[in-house]
Amino acid sequence: MSDPYETTEQHLERILRRALNSFDLPDSTVERLGSALAHSSTLHSSHHSAALHRETYRHTYLLSDGSAATLWELVHGGPRGAGHPDTRQHELYDDEADAHIAAARLTGSLWDVPEFGDEEGAQADLELMSALLAAPPAPHPRMYAPDNSADHARRVLRRAENGDVPGEATARLLRAAFAHHITQVFGRQCRVEGRDAGFTLYEHAFLLLDGSETSLWEVEHTATPDGRHMCEVYGDEKTARGAMESRTRIC
């Protein structure tokens with residue numbers, strides 16, 4: 001049913017292309033699905049008899065705004081196997097009630113079709129995809145660049161606007177920095193109090209003269225009353241992520 005190496009974009013394109021009724025999907029639904037970041041497909045129900053093979057799949061998509069969208073795919077045809085060509089047909093619905101009716105139409109009875117309202121399953125799919133996206137990628141080897149790194153550290157600390165910026169002890173330690181590496185760890189657009197806001201988290205890693213390493217964690221965001229750009233700097237990743245979460249529950 002699915003290819004583990006298929007991207008979400010490819011998956012969506014494939015099921016839309018093969019569905020006989022994809023043109024019936026609302027334009028707003030298709031537009032929302034264009035921002036899908038991840039997907040999960042599960043077999044929801046099936047019916048197999050001498051005359052009919054019918055399967056219903058639930059495709060759940062995690063969208064860029066943190067919400068979820070579901071498509072119900074109905075796959076049906078005659079018996080398959082030796083002497084029987086594959087005559088499967090595919091239909092797509094964005095409303096579970098419509099999918100329920102379509103499935104009942106094939107079997108001839110509403111009582112032969114299981115209830116579709118499996119909200120717990122859809123929520124579990126969404127939570128799984130969110131967890132996968134939130135998991136940090138495997139770290140790449142740092143390629144430190146000796147480029148006036150002590151001054152770079154001073155500039156990062158100087159532009160911070162938060163009250164709990166790392167203090168003099170950190171500034172003094174970073175005077176011994178002779179190389180650094182910058183990594184974007186996180187980036188997302190969110191809705192904060194009805195307005196669009198962007199969040200980006202950077203790690204500024206520094207290599208010190210004694211061979212040790214230390215980092216500054218910089219949060220750049222526009223979740224400010226007037227939408228202006230703001231910079232905050234923290235001494236560890238957990239505190240930086242906590243600062244982002246305090247701005248919005250979405251990110």
Side-chain angles (χ1 to χ4, degrees), residues 7-9 34-38 62-67 126-251:
T7 66
T8 297
E9 182 180 7
S35 70
L37 302 173
L62 177 64
L63 307 183
S64 60
D65 62 1
S67 65
L126 177 59
E127 290 175 358
L128 174 61
M129 289 186 291
S130 297
L132 288 173
L133 287 176
H140 295 288
R142 286 175 176 156
M143 302 296 292
Y144 283 105
D147 185 18
N148 204 3
S149 300
D151 184 62
H152 174 76
R154 281 193 296 271
R155 285 186 280 111
V156 172
L157 290 171
R158 190 166 54 240
R159 65 179 175 241
E161 298 183 53
N162 52 307
D164 51 348
V165 63
E168 179 56 32
T170 297
R172 186 166 52 249
L173 179 67
L174 289 169
R175 291 172 193 151
F178 75 94
H180 65 278
H181 177 85
I182 306 171
T183 303
Q184 180 177 326
V185 179
F186 175 92
R188 184 171 297 176
Q189 292 291 124
C190 304
R191 296 286 292 178
V192 179
E193 297 181 348
R195 295 182 291 102
D196 289 329
F199 287 81
T200 309
L201 174 63
Y202 297 95
E203 180 188 11
H204 299 262
F206 297 91
L207 183 62
L208 308 183
L209 289 170
D210 62 2
S212 62
E213 299 173 289
T214 191
S215 294
L216 293 176
W217 297 84
E218 180 181 24
V219 176
E220 293 185 353
H221 67 85
T222 55
T224 50
D226 56 358
R228 72 176 182 84
H229 179 275
M230 182 175 180
C231 171
E232 303 175 17
V233 176
Y234 300 92
D236 61 84
E237 182 178 9
K238 181 179 179 180
T239 305
R241 287 186 177 273
M244 289 193 294
E245 291 171 5
S246 71
R247 296 281 182 178
T248 172
R249 294 181 179 274
I250 300 175
C251 290

**OP:** Kindly indicate whether the side chain of L208, heavy atoms from C-beta on, has any atom under 4.5 Å from the side chain of F178.
**Re:** no
**OP:** For S64 and L37, work out which heavy atoms get closest and say how close.
**Re:** CA-CD1, 3.7 Å
Original post:
In terms of heavy-atom contacts, does CD of E9 have more than 12 from other residues, nucleotides or ligands at under 6.0 Å?
Top reply: no
**OP:** Take V185 and W217 through the side chain to side chain contact (heavy atoms under 4.5 Å, CB included) test and state the conclusion after the steps.
**Re:** CA-CA 9 Å; V185 179; W217 297 84; 3.8 Å; yes
Subject >> A205: side-chain contact (heavy atoms from CB on, under 4.5 Å) partners, not counting sequence neighbours >> reply: R142, Y144, E203, S215
Subject >> Summary of salt bridge (charged side-chain N to carboxylate O under 4.0 Å, His left out) pairs that have at least one residue in residues 175-186, sequence neighbours excluded >> reply: E168-R175
Original post:
Can we call the ring centroids of H204 and H180 under 6.0 Å apart?
Top reply: no
**OP:** For salt bridge (Lys or Arg N to Asp or Glu O under 4.0 Å), just list the numbers for E161 and R228, CA-CA rounded to whole Å, side-chain angles, deciding distance to a tenth of an Å, and then say yes or no.
**Re:** CA-CA 12 Å; E161 298 183 53; R228 72 176 182 84; 2.7 Å; yes
**OP:** Can you measure from CD (E232) to CG (D164) and round to the nearest 0.5 angstrom?
**Re:** 8.0 Å
Original post:
If you take all heavy atoms of S149 and A145, which pair is closest and at what distance?
Top reply: OG-O, 3.6 Å
Original post:
Taking all atoms of both residues into account, what is the closest heavy-atom pair of T8 and A36, and its distance?
Top reply: CG2-CB, 3.7 Å
**OP:** Return the set of residues passing salt bridge (charged side-chain N to carboxylate O under 4.0 Å, His left out) with D151 (not counting sequence neighbours), or none when no residue passes.
**Re:** R154, R155
Subject >> Approximate separation, where rounding is to 0.5 Å, of M244 CE and T239 OG1 >> reply: 11.5 Å
Original post:
If you take all heavy atoms of V233 and A160, which pair is closest and at what distance?
Top reply: CG2-CB, 3.6 Å
Subject >> Qualifying residues under salt bridge (charged side-chain N to carboxylate O under 4.0 Å, His left out), relative to E220, sequence neighbours excluded >> reply: none
Original post:
How far does CZ of R241 sit from CZ of F199, to the nearest 0.5 angstrom?
Top reply: 12.5 Å
**OP:** Quick one: list whatever passes side-chain contact (heavy atoms from CB on, under 4.5 Å) with T170, sequence neighbours left out.
**Re:** P166, L174, L216
Subject >> Residues which pass side-chain contact (heavy atoms from CB on, under 4.5 Å) with Q184, listed by chain and number, not counting sequence neighbours >> reply: T200, Y202
Subject >> Full working for side chain to side chain contact (heavy atoms under 4.5 Å, CB included) between L157 and V165 >> reply: CA-CA 7 Å; L157 290 171; V165 63; 4.0 Å; yes
Original post:
F206 pairs by side-chain contact (heavy atoms from CB on, under 4.5 Å) with which of E213, H152, H181?
Top reply: H152
